[in-house]
Amino acid sequence: MLFLQLVLFVVLLPGGGSEDDFQEIISFRIILTTSFYNHSWTQNQGSAWLDELQTHGWDNKTGAFSYLQPWSKGNFSNEELMEVEKLFYTYSIRSPSIYHNHVTEWQLEYPFQVQLVLGCDSHFGEASVGFMRIAYQGSDLVSFQNTSWWPSPEGGSRAQQVCTLFNQYHVSSEIVHKLLTDSCPRFLLGLLDAGKAYLQRQVRPEAWLSAGPSPGPGRLLLVCHISAFYPKPVWVMWMRGEQEQRGTQRGDVLPHADGTWYLQMSLDVKATEAAGLSCRVRHSSLGGQDMVLYWEQPHSMGLVFLAVIVPLVLLAGLALWLWKRWKTHWRCPCTDLRSERDPSSPASSTYLNPAQW
Ligand SMILES: *[C@@H]1O[C@H](CO)[C@@H](O)[C@H](O)[C@H]1NC(C)=O
Ligand SMILES: *[C@@H]1O[C@H](CO)[C@@H](O)[C@H](O)[C@H]1NC(C)=O
Ligand SMILES: *[C@@H]1O[C@H](CO)[C@@H](O)[C@H](O)[C@H]1NC(C)=O
Ligand SMILES: *[C@@H]1O[C@H](CO)[C@@H](O)[C@H](O)[C@H]1NC(C)=O
């Protein structure tokens, strides 16, 4: 089977710049999803994320945050974290009753989901004012801007009614305003600083080629796998020389459990045109040198035959020839030799007993 596998070479060539690898915007988000099953049954699930990395979990019974990274507390003191925890918990306990009490007025239908997202972004080390949005059944309902709630266009009259009610809670609006303009940006910057070593690590991709399921008679699906790289931005292209192959299909960038990423890029080509194609990978961890993997035609059955059978036949022939040679040289002379052996004769030492081989 070894002969059937594709042989690949990884050759490092000088490559272009990595300007598109620089990650400009990093966002921090707290998400709370409340599922309303019936008038007396709701379920809360909360978490916090730095882009796609989960930094915090949330125990919906005690209201305690769990810190999933060693640096998840950023530079906040335990007192300040507990204050945020308390706010979050109070909201998670109280807000469901608002929806339950307005089911008819807002035309809500059990079962339904309400999602809250609160967060802020960092752009080249500057944190923006945060945002807070609420969605009903997966589509935007209302958002908080400046100091009040605003309806989302797709929220219709329901969104208007929700805003009217929420804007009557002046104390809550002040708290939210402070969270968005002060706590969130400050926390994000502290978090990015505390997690710097982890977030700015560079992990080189591993790459290999394989053939995918055949797209049709006489065609090949070439697949370039790029795995275990970090950070996420990566540029990969099937090439013929310096020519990018337009038919390259990019898969989704998928997460590994350790926070690194996986991507596959495929190209559907005529089997006869596969030779000379290569997969080129550009990533910040490669220090400006692209990784290039060349497609080697899988050996045809004829070649396998030549490569495996011919040496076997030759070996068998050689073995046979040696055996015959041994028989003719040793069998008869030996018996003859033994009968007329003279230990003092120097000539006898030129013959060796084959049994001692
Ligand atoms: C509400 O939903 C829960 C879970 O589906 C169920 O166990 C409970 O009996 C329901 N209660 C009512 C009053 O329908
Ligand atoms: C808490 O979340 C779990 C799932 O993560 C769920 O099974 C449970 O019902 C939730 N409890 C409450 C009180 O929301
Ligand atoms: C927010 O308020 C400021 C002044 O307080 C105003 O200049 C700005 O336009 C407001 N933004 C929005 C989106 O309402
Ligand atoms: C945490 O770091 C941020 C950004 O460097 C800073 O503004 C803030 O004062 C620090 N301390 C606290 C307690 O937020």
Side-chain angles (χ1 to χ4, degrees), residues 23-104 107-132 134-138 175-200 257:
Q23 197 171 2
E24 299 174 12
I25 299 177
I26 301 179
S27 62
F28 176 69
R29 276 158 179 52
I30 296 177
I31 297 169
L32 176 67
T33 302
T34 310
S35 306
F36 297 79
Y37 294 106
N38 53 43
H39 190 77
S40 53
W41 186 271
T42 57
Q43 189 178 295
N44 279 314
Q45 278 179 286
S47 54
W49 302 75
L50 199 55
D51 284 344
E52 285 122 325
L53 176 73
Q54 188 177 357
T55 50
H56 301 78
W58 182 65
D59 183 328
N60 57 12
K61 293 193 184 65
T62 63
F65 291 138
S66 49
Y67 300 92
L68 303 182
Q69 301 292 334
W71 41 270
S72 286
K73 289 187 177 184
N75 65 351
F76 271 29
S77 63
N78 285 336
E79 290 73 40
E80 197 163 9
L81 287 167
M82 275 171 58
E83 212 175 291
V84 179
E85 227 172 49
K86 217 170 98 187
L87 270 179
F88 198 65
Y89 191 50
T90 309
Y91 177 86
S92 75
I93 298 286
R94 297 222 180 123
S95 74
S97 62
I98 301 177
Y99 295 94
H100 283 309
N101 295 338
H102 292 84
V103 162
T104 327
Q107 298 180 327
L108 309 174
E109 276 176 48
Y110 295 111
F112 62 89
Q113 270 197 342
V114 172
Q115 286 165 297
L116 167 109
V117 58
L118 181 163
C120 47
D121 298 328
S122 144
H123 189 238
F124 290 117
E126 301 267 329
S128 68
V129 167
F131 53 84
M132 184 162 166
I134 292 175
Y136 170 73
Q137 295 291 60
I175 294 172
V176 172
H177 183 70
K178 181 166 178 289
L179 271 178
L180 300 188
T181 54
D182 174 50
S183 315
C184 191
R186 203 156 41 81
F187 182 70
L188 174 55
L189 291 182
L191 191 65
L192 290 177
D193 192 49
K196 192 153 68 184
Y198 183 82
L199 298 165
Q200 295 182 0

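Counting starts at 1 for both ligands and their atoms, following the listed order.
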**OP:** Run the ring-centre check on Tyr91 versus Tyr89 and record whether the distance is less than 6.0 Å.
**Re:** no
**OP:** Measure up the Trp41 and Tyr37 rings against each other and bin them: parallel (under 30°), tilted (30 to 60°), perpendicular (over 60°).
**Re:** tilted
Original post:
Do Asn75 and Arg186 have side chains that get closer than 4.5 Å, going by heavy atoms?
Top reply: no
Original post:
Which word best sums up how the rings of Phe36 and His100 line up, parallel for under 30°, tilted for 30 to 60°, or perpendicular for over 60°?
Top reply: perpendicular
**OP:** Within a distance under 4.0 Å of any heavy atom of Asn60, pick out the atoms of ligand 2 and give their elements.
**Re:** 1 (C), 2 (O), 3 (C), 8 (C), 10 (C), 11 (N), 12 (C), 14 (O)
Subject >> Distance filter under 4.0 Å to Ser40 heavy atoms, resulting ligand 1 atoms >> reply: 11 (N), 13 (C)
Subject >> ligand 1 atoms in contact with Asn38 (distance to a heavy atom under 4.0 Å) >> reply: 1 (C), 2 (O), 3 (C), 8 (C), 10 (C), 11 (N), 12 (C), 14 (O)
Subject >> Amino acids in close contact with ligand 4, where any non-hydrogen atom sits under 4.0 angstrom away >> reply: Asn75, Phe76, Arg186, Leu189, Gly190
Subject >> Geometric class of the Trp58/Phe88 ring pair [parallel <30°, tilted 30-60°, perpendicular >60°] >> reply: perpendicular
Subject >> salt bridge (Lys or Arg N to Asp or Glu O under 4.0 Å) partners of Glu83, counting only residues at least two apart >> reply: none
Original post:
Under 6.0 Å from the CD atom of Gln107, do we count more than 12 heavy atoms belonging to anything else shown?
Top reply: no
Original post:
Is the shortest N/O to N/O distance between Lys61 and ligand 2 below 3.5 Å?
Top reply: no
Original post:
Parallel, tilted or perpendicular for Phe28 and His56, by the 30°/60° rule?
Top reply: perpendicular
